[in-house]
Amino acid sequence: MKQYLVFQLYAPLASWGEEAVGEIRHTAHVPTRSAILGLLAAAQGICREEEDALNKFNQHYHLAIRPLSSCERWLRDYHTVSMPRENKKYRYYTRRDELRLAPDDIGTIVTQREYRCDGYWHIAVSATPGAPVSLEALRDALVTPHFPLYLGRKSCPLALPLAPRLLEGSLKQIFNQAAEQLTAVELMMLAQGGETCYWDDPDETSLTWQKQQQCNNQPGSRRRWQFGRYTRYSGSLGEGE
């Protein structure tokens, strides 16, 4: 039987960033692979500057997601942002540098950011051979994370404990177990959905995929802000073995 680390994600606001082109920062409707891996790495205490450690960490886990909220909504937030025009004389390392080094070049742009409201997800993580951190260690890290955790943006803090636990069985079985063991009483009215699941393990057999999607959320280089492509599968929890 396969072992999974299972935990819950809930917050009034979450933002699962997709390709950032232009002035609108879109959000995916389910947590992205890069967001979940980043949350696990932050809990474990791997710093953003530790490129080699992050690259090794990001290659050794399969992720599965079950959205459960029946009341989830989409929100777009309007922003104005002060920022300097491009100037080859200066190199800005921080936000403070942007505002201080060339005050006469400061202008205002309009930007819009998307969020998911009242989203609730169950996450299942499995490890591949050679994983640098065991599922047991990741479970302990989610209970007492090294860095603060949030759902996509720092303005989206967790609203419930992650309640991580180790479960054994097929992916279909552990999602059913998680629905019985994890869902907080306060969210029973909210968590009325959840038949569709998403996963990235090509060898998964307990669920039958109905759709394949090429996603660009596999972390590549944090230093160069690069991402790779992977295949995400989706299907109904009611189908399969």
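In R48, the CZ atom is not crowded: 12 or fewer heavy atoms of neighbouring residues, nucleotides or ligands sit closer than 6.0 Å.
Checking W74, W16, Y198 one by one against H29, the ring pair (Phe, Tyr, Trp, His ring centres under 6.0 Å) holds for a single residue, Y198.
In summary, the side chains of H60 and T128 do present a donor paired with an acceptor at a separation below 3.5 Å, with no hydrogens or angles considered. N216 and R229 share a donor-acceptor pair across their side chains, judged by distance under 3.5 Å alone. Under 3.5 Å, the side chains of E18 and H26 contain no donor-acceptor pair of N or O atoms. No hydrogens or angles considered: a donor-acceptor pair under 3.5 Å links the side chains of Q214 and T231.
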Do R25 and R76 pass the side-chain contact (heavy atoms from CB on, under 4.5 Å) test, and can you show the C-alpha distance, the side-chain angles, and the key distance before you say yes or no? CA-CA 9 Å; R25 297 296 185 260; R76 180 176 287 177; over 6 Å; no

Intermediate values then yes/no, side-chain contact (heavy atoms from CB on, under 4.5 Å), F175 and C197: CA-CA 9 Å; F175 269 141; C197 298; 3.9 Å; yes

Output, in order, the C-alpha distance, side-chain angles, deciding distance and verdict of side-chain contact (heavy atoms from CB on, under 4.5 Å) for N217 and Y230. CA-CA 7 Å; N217 301 115; Y230 71 99; 4.0 Å; yes

Run the side chain to side chain donor-acceptor pair (under 3.5 Å) test on T208 and Q210 for me, step by step, so that the C-alpha distance in whole Å, both residues' side-chain angles and the decisive distance to 0.1 Å come before the verdict. CA-CA 6 Å; T208 301; Q210 298 167 328; over 6 Å; no

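Cluster partners of Y115 are L13, L75, counting Ile, Leu, Val, Met, Phe, Trp and Tyr whose side-chain heavy atoms approach within less than 4.5 Å, directly or via other members.
Residues Y61 and L138 come closest through the heavy atom pair CE2-CD1, 3.8 Å. When all heavy atoms of I174 and G169 are compared, the pair lying nearest together is CG2-N, 4.0 Å. Of all the heavy atoms in A43 and L142, the pair that sits closest is CB-CD2, 3.8 Å. In terms of heavy-atom proximity, I65 sits nearest to P67 at O-CD, 3.8 Å. Taking each heavy atom of L54 and C47 in turn, the nearest pair found is CD1-O, 3.6 Å. The two residues E114 and S15 have their closest heavy-atom pair at O-OG, 3.0 Å.
Ring geometry, W199 versus Y233: the interplanar angle falls under 30°, so the pair is classed parallel (tilted spans 30 to 60°).
In terms of hydrophobic clustering, with Ile, Leu, Val, Met, Phe, Trp and Tyr side chains grouped at heavy-atom distances under 4.5 Å, V125 and L158 are assigned to a common cluster. Cluster membership check: L135 does not share its hydrophobic cluster with L171, using side-chain heavy-atom separations under 4.5 Å among Ile, Leu, Val, Met, Phe, Trp and Tyr. In this structure, I46 is a member of the same hydrophobic cluster as F7, with clusters built from ILVMFWY side-chain heavy atoms closer than 4.5 Å. No chain of hydrophobic side-chain contacts below 4.5 Å, direct or via other Ile, Leu, Val, Met, Phe, Trp or Tyr residues, connects L68 to V30. Under the 4.5 Å side-chain heavy-atom criterion for grouping Ile, Leu, Val, Met, Phe, Trp and Tyr, I36 is not connected to V6 through any hydrophobic cluster.
Between F57 and L40 there is a side-chain heavy-atom pair separated by less than 4.5 Å. Looking at heavy atoms from C-beta onward, Q218 lies in side-chain contact with N58 at the 4.5 angstrom threshold. Side chains of Y10 and H122 form no contact here, defined as non-hydrogen atoms less than 4.5 Å apart. Side-chain contact between L237 and L207: present, with at least one pair of heavy atoms (C-beta onward) separated by less than 4.5 Å. Using a 4.5 Å heavy-atom cutoff, the side chains of H62 and E204 are not in contact. Residues V143 and L162 form no side-chain contact, since every pair of their non-hydrogen atoms from C-beta on lies 4.5 Å or further apart. Considering only heavy atoms from C-beta on, Q3 comes within 4.5 Å of E136 through its side chain.
Proximity of a side-chain donor or acceptor of Q213 to a complementary backbone N or O of R232 within less than 3.5 Å is not detected. In this structure a side-chain-to-backbone donor-acceptor pair under 3.5 Å is missing from Q44 to A41. The backbone N or O of L182 sits nowhere less than 3.5 Å from a side-chain atom of E180 that would complete a donor-acceptor pair. The backbone N or O of D140 lies less than 3.5 Å from a partner atom in the side chain of T144, making a donor-acceptor pair.
Under a 4.0 Å N-O distance rule, the pair K2/D203 does not qualify as a salt bridge.
Between the CZ atom of R66 and the NZ atom of K172 there is a distance of 10.5 Å, given to the nearest 0.5 Å. Taken from OG in S126 to OH in Y4, the straight-line distance is 5.0 Å, to the nearest 0.5 Å. With values rounded to the nearest 0.5 angstrom, L37 atom CG is found 4.5 Å from R33 atom CZ. To the nearest 0.5 angstrom, R116 atom CZ is 11.0 Å from D118 atom CG. Note: S34 OG to L39 CG = 11.5 Å, rounded to the nearest 0.5 Å. For the atom pair CG (L167) and CZ (R165), the distance works out to 7.0 Å, reported to the nearest 0.5 Å.
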